Amino acid sequence: MTAPVLLRDVAIHPEFLSRAEQERLVADLRDCLRVAPLVTPVTPRGQKMSVAMSAAGRFGWVTDRKGYRYEERHPSGAPWPPIPDRVLAIWEAVSGSAQRPECCLINWYGEGARMGLHQDRDEADFSHPVVSISLGDDALFRIGNDRRGGKTESIWLKSGDVAVMGGAARLRFHGVDRIRFGSSTLLPKGGRINLTLRVVR
DNA sequence: AAGTTGCA
DNA sequence: ACCA
């Protein structure tokens, strides 16, 4: 395990997960997605997002014409599946938080998918970090400031990297500018899965 | 409002 | 690649 890299107060653990661990995680996630299939979310302004989304845990983050919020059920009406133990173990290893995450957002990036600069601020307590796990294709991650505007910095995240956004990084605007589609062999059809773990209440 | 585009 |  390599020492964490700091980028604008985000602690990035390169290659935190071995290839075998990544493969086991992907198998767990396939089980989750059978219960809670990926959906293409719509923003409150009616624009389709380019990422496909699902979740595990008590709460899932959702967006539609009504707004951004946490919901206890998938849009189908079914409860979200539990967060896999292997995912919880990563949180316990890096978060420094005594509380367990209540949401594991599952974002799937296909070719050309992006995530615009945004803040994670739909949670009640910002003293808990957000933990982000990268699986599959490389992603160009960008991080800025607590408010829109100003300088930003970017880094390529690779499969198995784990990023912790806590403290000064917790409310920074961040996003994904680009995916190097096909750069990893983890997912046979290509693409990237990002897991974000959060304490919601 | 977690998007999109045009321009430096 | 980056920003308004």
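For clarity, every value in this text was computed on a predicted model and none was experimentally measured. All chains are named by letter (A, B, ...) in the order of the sequence lines, taking the proteins before the strands, and each is independently numbered beginning at 1.
Look at T152(A) and you won't find any side-chain N or O under 4.0 angstrom from OP1 or OP2 of dC2(C). Distances shown here put every side-chain N or O of R148(A) at or beyond 4.0 Å from the OP1 or OP2 atom of dC3(C). Distances shown here put every side-chain N or O of R121(A) at or beyond 4.0 Å from the OP1 or OP2 atom of dA2(B).
When distances are taken from the side chain of R178(A) to each of dA2(B), dC3(C), dA1(C), the shortest belongs to dA1(C). Listed nucleotides dC3(C), dG3(B), dA2(B) differ in distance to Q47(A); the shortest reach to its side chain belongs to dG3(B).
Straight-line distance from the CG atom of N145(A) to the P atom of dC2(C): 14 Å, rounded to whole Å. Here the P atom of nucleotide dA2(B) and the NE2 atom of H174(A) are 11 Å apart, to the nearest Å. Between N194(A) atom CG and dA2(B) atom P the separation is 17 Å, expressed in whole Å. Between the CE atom of M165(A) and the P atom of dA2(B) there is a distance of 15 Å, given to the nearest Å.
The residue S154(A) sits close only to the backbone: its heavy atoms come under 4.0 Å of sugar-phosphate atoms, none of a base. Residue-level contact check: N107(A) touches neither bases nor backbone, having no heavy atom under 4.0 Å from any strand. Across all strands shown, G116(A) has heavy atoms under 4.0 Å from sugar-phosphate atoms exclusively, and none from any base. Using a 4.0 Å heavy-atom distance criterion, T63(A) is classed as making no nucleic acid contact. Within the nucleic acid shown, M115(A) comes within 4.0 Å of at least one base atom, counting heavy atoms only.
At distances below 3.5 Å, at least one donor-acceptor pair connects side-chain atoms of R170(A) with backbone N or O atoms of H128(A).
Between Y70(A) and F59(A), the ring planes are perpendicular. Angles over 60° get that label, and only those under 30° would be called parallel. Between W61(A) and Y68(A), the two ring planes are tilted [angle within 30° to 60°].
Across all strands shown, dA2(B) forms no Watson-Crick or G-U wobble pair with both distances under 3.5 Å. A 3.5 Å limit on both hydrogen-bonding distances identifies no Watson-Crick or G-U partner for dC7(B).
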Could you go step by step and tell me if R19(A) and T185(A) meet the side-chain hydrogen bond (donor to acceptor under 3.5 Å, both in side chains) rule? CA-CA 10 Å; R19(A) 171 72 187 215; T185(A) 56; 2.9 Å; yes
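At a threshold of 4.0 Å, the pair R121(A)-D146(A) does not count as salt-bridged, since none of the basic side-chain nitrogens sits closer than that to a carboxylate oxygen.
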